[in-house]
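The structure under discussion appears below in the form of structure tokens.
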Amino acid sequence: MVRRYFSSTNSMNICIASFCRAKELLKAEAVLVDGIKLGVVPDVVTYNTLIDAYCRFVSLDAGFSVMHRMEEARIVPNVVTYNSLIAAATRYRLLSQSIDLFDEMLCRGVSPDIWSYNTLIHCFFRNGRPNEAYNVFRNIILGETMPDVATYNIMINGLCKNGYVDNGIMMFRNLKRHGFVPGLDTYNILLDGLYKWRRWGTAKRLLLEMGQSGYVPNSITYTTVMKGCFMCRKYEDAFDIFNEMKSRGYAFDSFAYCTVIGALLKLSNVEDAYKCMNHMVKTGMELDVVAYNTLINLFCKSLNFEEAYRMLDELESQGLECDVYTHTILVDGLCKAGDIKGAERHLRKMDMMGFFSTLVAYNCFLDALCKTGWIEHALHVFNSMKEKDGFTYSSMVQGLCRVGRFRLASKLLLKCVSHGMPILAADKRAILSAYHSSGFKSEIKAFRSKLRVP
DNA sequence: GTAGGGTTAG
């Protein structure tokens with residue numbers, strides 16, 4: 001039992017906040033109970049602290065129930081209360097909840113502040129709605145609330161993540177005109193955006209500029225650049241950064257380990273990935289869901305399902321919850337191990353869980369069906385998929401070509417192009433060589449010309 | 001109390 005003696009609400013709030021930061025919610029609640037017994041009255045800050053912690057570590061609903069308790073105690077929610085809830089809804093990708101909360105805040109006469117607007121902008125970007133995000137930004141610029149550095153960071157990040165990387169660069173260049181100097185965090189955000197869109201040259205120039213401005217890279221910069229190098233297949237550079245980070249005394253954290261293990265697995269270098277994992281485990285660092293996912297992927301890739309499932313148990317016994325990555329890794333693992341039925345059972349389970357998207361898991365499954373030659377089953381799955389991307393079409397096209405159904409394959413490929421999705425040169429080649437070997441010369445010509453004019 | 005680095009598929 002936690003027992004503390006408070007002279008004021010303020011000291012009780014400080015104590016609750018420190019337990020909340022340590023994810024010790026039960027202890028935080030015990031402090032509140034003790035405080036009330038001693039006659040210390042909780043205020044809006046007390047409840048806001050708890051709401052934020054419950055949203056972060058338990059669920060949005062848990063946050064709502066604290067808000068309910070707060071109102072029962074006749075304490076009126078303020079802008080911070082709503083900002084925490086809107087941010088949580090955004091983290092859980094619940095767009096309509098975020099918007100409803102924003103409206104509710106306005107209806108109750110709580111004026112949004114710049115934090116509210118920033119959160120709303122982030123919410124729209126995160127849900128793939130850049131136009132609405134931009135509208136909120138424009139209204140800030142035209143209105144009375146002043147944007148702050150976070151507004152620009154969120155804008156640059158959102159623009160880059162939604163494919164408007166040039167607008168992101170432009171906004172970065174315009175920062176000074178708005179009276180802001182880009183900080184290290186702004187550089188990190190833009191760097192990440194540039195690497196995601198393979199803008200290697202611009203990223204390199206930006207890094208140089210960052211150094212000239214006197215900024216010393218932090219561990220976020222290092223991890224970002226390392227990931228960028230892996231993406232651009234500059235493996236030597238990536239491992240140089242890995243070593244530089246160590247030699248300069250940067251603590252290697254979970255982010256860095258996951259980046260390196262993930263990259264090694266993509267290179268099929270399971271042996272070094274294991275070495276890396278052993279280092280990571282030796283440091284005794286606390287593993288989160290992403291770290292567990294990375295290790296589960298490592299075990300799946302080496303077909304050690306016993307260990308993979310043991311990790312899964314460990315994850316849950318730590319009070320963590322599997323996410324869409326965990327399940328997708330398992331589905332892909334089962335597919336690659338030839339257990340198609342097992343993968344399908346797992347997919348059905350995923351469908352029941354209500355994830356934001358199961359596209360990647362379905363793509364893995366579809367690809368396995370095609371490679372196994374179960375083309376009818378694959379077509380059935382393909383047609384039933386509501387969401388498709390370039391990966392989906394590619395697997396299907398290759399699968400159809402393999403069994404000689406190149407007319408349907410070329411139809412699908414053209415559809416893919418007309419939807420603006422990227423296609424692989426290998427898919428084109430598969431169709432052309434299939435036409436070639438069957439002697440359909442005129443069809444080759446028609447296919448080529450259609451590809452040129454989408 | 002907002003944002004920024006790590007994990008999945010062809």
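In what follows, chains are A, B, ... by sequence order, proteins preceding strands, each numbered from 1.
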When you measure from the side chain of [X], which nucleotide among [options] comes out closest?
{"X": "A/Ile154", "options": "B/dA3, B/dG6, B/dG10", "answer": "B/dA3"}
{"X": "A/Lys371", "options": "B/dG4, B/dG10, B/dG1", "answer": "B/dG10"}
{"X": "A/Lys301", "options": "B/dT8, B/dA3, B/dG6", "answer": "B/dT8"}
{"X": "A/Lys266", "options": "B/dG6, B/dA3, B/dT8", "answer": "B/dT8"}
{"X": "A/Lys161", "options": "B/dG5, B/dA3, B/dG10", "answer": "B/dG5"}

Any A/Lys227 side-chain nitrogen or oxygen under 4.0 Å from OP1 or OP2 of B/dG4: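 Answer no for this pair, as no side-chain N or O of A/Lys227 is under 4.0 Å from OP1 or OP2.
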Under-4.0 Å side-chain N/O to phosphate OP1/OP2 contact, A/Asn157 with B/dG4: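 Answer yes for this pair, as a side-chain N or O of A/Asn157 is under 4.0 Å from OP1 or OP2.
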Between [X] ([atom1]) and [N] ([atom2]), how many Å, whole number?
{"X": "A/Met155", "N": "B/dA3", "atom1": "CE", "atom2": "P", "value": "16 Å"}
{"X": "A/Phe355", "N": "B/dT7", "atom1": "CZ", "atom2": "C1'", "value": "14 Å"}
{"X": "A/Met210", "N": "B/dG4", "atom1": "CE", "atom2": "P", "value": "18 Å"}
{"X": "A/His346", "N": "B/dA9", "atom1": "NE2", "atom2": "C1'", "value": "15 Å"}
{"X": "A/Asn188", "N": "B/dG4", "atom1": "CG", "atom2": "P", "value": "12 Å"}
{"X": "A/Asp185", "N": "B/dA3", "atom1": "CG", "atom2": "P", "value": "13 Å"}
{"X": "A/Phe299", "N": "B/dT7", "atom1": "CZ", "atom2": "C1'", "value": "15 Å"}
{"X": "A/Leu190", "N": "B/dG4", "atom1": "CG", "atom2": "P", "value": "14 Å"}

May I ask you to say what [X] touches in the nucleic acid, namely base, sugar-phosphate or nothing, with a heavy-atom cut-off under 4.0 Å?
{"X": "A/Asn48", "value": "nothing"}
{"X": "A/Asp427", "value": "nothing"}
{"X": "A/Gly390", "value": "base"}
{"X": "A/Ser219", "value": "base"}
{"X": "A/Ala361", "value": "nothing"}
{"X": "A/Asp367", "value": "sugar-phosphate"}
{"X": "A/Ser254", "value": "base"}
{"X": "A/Cys364", "value": "sugar-phosphate"}

Please evaluate the base of [N] for a donor-acceptor partner in the side chain of [X] within a cut-off of under 3.5 Å?
{"X": "A/Asp253", "N": "B/dG6", "result": "no"}
{"X": "A/Asp113", "N": "B/dG1", "result": "yes"}
{"X": "A/Thr294", "N": "B/dG6", "result": "no"}
{"X": "A/Thr223", "N": "B/dG5", "result": "yes"}

Whether A/Tyr152 and A/Phe180 hold their rings parallel, tilted or perpendicular, with breakpoints at 30° and 60°: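 A/Tyr152 and A/Phe180: tilted rings.
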Parallel, tilted or perpendicular, as decided by the 30° and 60° cut-offs, for the rings of A/His377 and A/Phe365: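 Taking A/His377 first and then A/Phe365, their aromatic rings stand perpendicular (interplane angle over 60°).
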Carboxylate-amine/guanidinium proximity below 4.0 Å for A/Arg199 and A/Asp166: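 Yes, charged N to carboxylate O under 4.0 Å.
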SB check A/Asp313 A/Arg310 (cutoff 4.0 Å):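 A salt bridge is absent here (no side-chain N lies under 4.0 Å from a carboxylate O).
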Centroid-centroid under 6.0 Å between A/Phe382 and A/Tyr362 rings: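 No, the ring of A/Phe382 stays outside the 6.0 Å limit from the ring of A/Tyr362, centre to centre.
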Ring centroid separation A/Tyr134 to A/Phe124 under 6.0 Å: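 They do not qualify: ring centres at least 6.0 Å apart.
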Centroid under 5.5 Å and tilt under 30°, A/Trp115 to B/dG1: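 So A/Trp115 counts as stacking on the base.
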Modelled atom types, side-chain donor and acceptor of A/Asp113 and A/Asn83, under 3.5 Å: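 Looking only at side-chain atoms, A/Asn83 and A/Asp113 do form a donor-acceptor pair, the distance falling under 3.5 Å.
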For DNA chain B, the residues among residues 322-338 of chain A that have a non-hydrogen atom under 4.0 Å from it: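 Those residues whose heavy atoms fall under 4.0 Å from DNA chain B, taken from residues 322-338 of chain A in numerical order, are A/Tyr325, A/Thr328, A/Ile329, A/Asp332, A/Lys336.
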For A/Lys349, all residues meeting side-chain hydrogen bond (donor to acceptor under 3.5 Å, both in side chains), sequence neighbours excluded: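 Applying side-chain hydrogen bond (donor to acceptor under 3.5 Å, both in side chains) to A/Lys349 gives none.
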More than 12 heavy atoms from other groups under 6.0 Å of CE on A/Met146: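 At most 12 heavy atoms, drawn from other residues, nucleotides or ligands, come within 6.0 Å of this atom.
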